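Hydrogens, waters and symmetry mates are skipped; everything else that's a heavy atom, side chains included, is used. Residue numbers begin at 1 in each chain, while the letters A, B, ... track the order of the sequences. Note that this is a predicted model, so its numbers are computed, not measured.
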Number of protein chains: 2
Amino acid sequence: MRVVKDAEERKSEILDVAEQLFGTRGFDNTSTNDILQEVGIARGTLYYHFKSKEDILDAMIDRMTGRLIGKASDIVADKTMPVLQRLTAMMLALNVSDDLGCEIMAQVHKPQNALMHQKMQERLLTQVNPLVTSLIEEGITQGICQTDYPEEAAEMALLYSNTTFDALAEYGGKERQKKIMAFIYNLERLLGMERGSLLDVILPIFQETAQ
Amino acid sequence: MRVVKDAEERKSEILDVAEQLFGTRGFDNTSTNDILQEVGIARGTLYYHFKSKEDILDAMIDRMTGRLIGKASDIVADKTMPVLQRLTAMMLALNVSDDLGCEIMAQVHKPQNALMHQKMQERLLTQVNPLVTSLIEEGITQGICQTDYPEEAAEMALLYSNTTFDALAEYGGKERQKKIMAFIYNLERLLGMERGSLLDVILPIFQETAQ
DNA sequence: GTGCAACCGACAGATTGTCGGTTGTTATGT
DNA sequence: ACATAACAACCGACAATCTGTCGGTTGCAC
C-alpha cells in the first residue's frame with residue numbers, strides 16, 4: 001500500500017532521519033539506503049525530493065542553523081538582560097546541545113563529521129556574526145567594552161568560543177577550569193573590557209550548565 | 001615488465017600523486033583508481049603499501065605537516081631575528097603556499113576538502129602551539145608582550161591567523177586592508193602588546209608577500 | 001635454488017544516482 | 001454525480017562506480 005504525502009512533509013521526514021543518522025554515525029558512514037529504509041520510502045522517492053546525498057546534508061544543516069540562529073536572535077533581542085549576559089547566553093546556545101532536536105551538536109564535533117562540522121561552522125559564523133557585532137557595539141555605547149574593530153572582534157570571539165567549547169568536552173577537573181579562566185581572560189582582552197567583568201557573568205552559568 | 005622498488009620509495013611516489021590529486025580535486029573526488037593509474041601500479045600494490053584510502057590521506061598529511069613544522073621550528077630557533085618578526089614569519093610559513101611542494105595549502109581551504117582541512121588544522125594546531133607559546137614567553141621576558149595564559153593566547157592567535165589567511169584570499173583592495181589592520185589590532189590586544197608594535201613588523205611583510 | 005618482499009588483477013560487496021513506469025489525488029467538463 | 005485528464009508523489013530495477021580482498025606471481029638477495 002503506497003502512501004502519498006505532501007512534499008514538504010516528506011522532506012521533513014527525510015531530514016529528521018538524516019539528522020539522526022548523520023549525527024550519530026556521520027555523513028560518510030550513513031548510506032542513502034539507511035535513510036530511505038528508516039523513512040520507509042523507495043530509492044526513487046528520496047531522489048525525487050533531493051537531488052543528491054549532499055543536498056540532503058545541506059538542507060539538514062540549513063534547518064538546524066535556522067533553529068540556532070532563531071534562538072540566538074531571541075537572546076540578543078531580549079533587552080531585559082544585560083549585554084554581557086546575552087553575549088554569554090548566545091555562545092552557550094550555539095555550542096551546547098539542549099532541548100530542541102539539537103542533540104547533534106555534540107556529535108558534530110567528531111572527526112568523522114568534518115564536512116558537516118565545517119559547513120555548519122561556516123554558516124553559523126557568517127550568520128551569527130552580525131548579532132555578536134551588534135551586541136559588542138551595544139556594549140561599547142554603554143562603556144562596557146571598547147574596540148576599534150567590532151566585527152572582527154566578534155569573528156574572533158565566535159571562533160574561539162567554538163573551538164573552546166569543542167575542546168572543553170574532552171577535559172575535566174583542573175585543566176578544564178584553567179581553560180575556562182583563560183577563555184574569559186582572552187575574551188575580556190579582545191573586547192577591551194575591565195579585567196574580571198566577564199568572570200562574574202560567565203562562571204555561574206558554566207557551573208550550572210555543561211557538567 | 002614489472003618494476004620493483006623499495007617500499008619507502010613506492011610509498012613516497014604514491015604520496016606525491018595523492019598530494020597532487022587530493023589537493024586539486026579533493027579527497028572524495030579522487031578515486032583510488034585515479035591514484036594507482038597515475039603512479040602506474042596495480043590495485044593490489046596500492047593496498048600493499050596502505051591499508052585504506054584514508055590511510056593514504058593520513059600519511060600524506062603527516063608528511064606535509066612534518067615539512068611545515070620543520071620550517072616553523074627553524075624560524076623559531078633563529079635567535080638572530082627579533083621575537084615579533086619570528087612570530088609573523090611563522091604564521092606566514094604555515095599559511096602561505098610557497099617553494100616546497102606545499103602549493104596545496106591554497107587548495108586545502110576549499111569546501112570540498114573539509115576532512116583534509118580539519119585533519120591538517122588539528123595536527124598543526126597541536127604541534128605548532130608549543131612553538132608559538134615559547135615565542136610568546138620569550139616576548140614576555142623581553143617585556144614586549146604580557147599575558148597570564150600564554151598557551152591559550154597562542155592557540156587563539158593560531159586559530160585566528162588561520163581563518164584570517166583563509167579569508168584574505170577572497171578579499172581584495174579596501175576590505176582586505178581593513179581585515180589586515182583588524183588582525184594586527186586584535187593580535188596586539190590578545191598578546192598584551194603596545195599598540196602599533198606589531199604593525200611595523202607585519203605590514204612590510206604583507207606588502208611584499210601574498211599579492 | 002630458496003625465501004621473501006613487492007607486485008598483480010580479477011572479483012565481491014556496497015553505494016550513488018537515473019529512468020521508465022505506476023498510483024493516487026485533484027481539477028475539469030458534462 | 002461521474003468520467004477522465006493531468007499532475008504530483010512514488011516505486012524499484014539497473015547502470016556505473018568505488019573500495020578493499022585474496023590467491024597467485026615475479027624478481028631480488030642470500
Parallel, tilted or perpendicular: rings of B:Phe183 and B:Tyr160 (30°, 60°): tilted
Any [X] side-chain N or O less than 4.0 Å from OP1/OP2 of [N]:
{"X": "B:Thr45", "N": "C:dC8", "answer": "yes"}
{"X": "A:Thr32", "N": "C:dT16", "answer": "yes"}
{"X": "B:Tyr47", "N": "D:dG20", "answer": "yes"}
{"X": "B:His49", "N": "C:dC7", "answer": "yes"}

Interatomic distance, [X] [atom1] vs [N] [atom2] [rounded to whole Å]:
{"X": "B:Glu13", "N": "C:dC7", "atom1": "CD", "atom2": "P", "value": "9 Å"}
{"X": "A:Asn29", "N": "C:dT16", "atom1": "CG", "atom2": "C1'", "value": "16 Å"}
{"X": "B:Leu36", "N": "D:dG20", "atom1": "CG", "atom2": "C1'", "value": "12 Å"}
{"X": "A:Leu46", "N": "C:dT15", "atom1": "CG", "atom2": "P", "value": "14 Å"}
{"X": "A:Asp55", "N": "C:dT16", "atom1": "CG", "atom2": "C1'", "value": "14 Å"}
{"X": "A:Gln37", "N": "D:dC11", "atom1": "CD", "atom2": "P", "value": "13 Å"}
{"X": "A:Phe27", "N": "C:dT15", "atom1": "CZ", "atom2": "P", "value": "13 Å"}
{"X": "A:Asn33", "N": "D:dG12", "atom1": "CG", "atom2": "P", "value": "13 Å"}

Among [options], which nucleotide sits nearest the side chain of [X]?
{"X": "A:Arg2", "options": "C:dT16, D:dC11, D:dG24", "value": "D:dC11"}
{"X": "A:Ala42", "options": "D:dT19, D:dC11, D:dA13", "value": "D:dC11"}
{"X": "B:Arg43", "options": "D:dG12, C:dC7, D:dT19", "value": "D:dT19"}

Check: B:Ala59 main-chain N/O paired with B:Lys11 side-chain donor or acceptor under 3.5 Å: no
Side chain B:Arg10, main chain B:Lys5, donor-acceptor under 3.5 Å: no
Row check, A:Tyr149 ring normal vs B:Lys178 NZ/CZ: under 6.0 Å, within 45°: no
Residue whose closest nucleotide on DNA chain D lies nearer the 5' end, A:Gly44 versus A:Tyr48: A:Tyr48
B:Val4 or B:Asp28, whichever maps to the more 5' nucleotide of DNA chain D: B:Asp28
Report all side-chain donor-acceptor pairs from residues 37-47 of chain B shorter than 3.5 Å, counting only partners two or more places apart or in another chain.
residue, atom, partner, partner atom, Å
B:Arg43, NH1, B:Thr32, OG1, 3.3
B:Arg43, NH1, B:Asn33, OD1, 3.2
B:Arg43, NH2, B:Thr32, OG1, 2.9

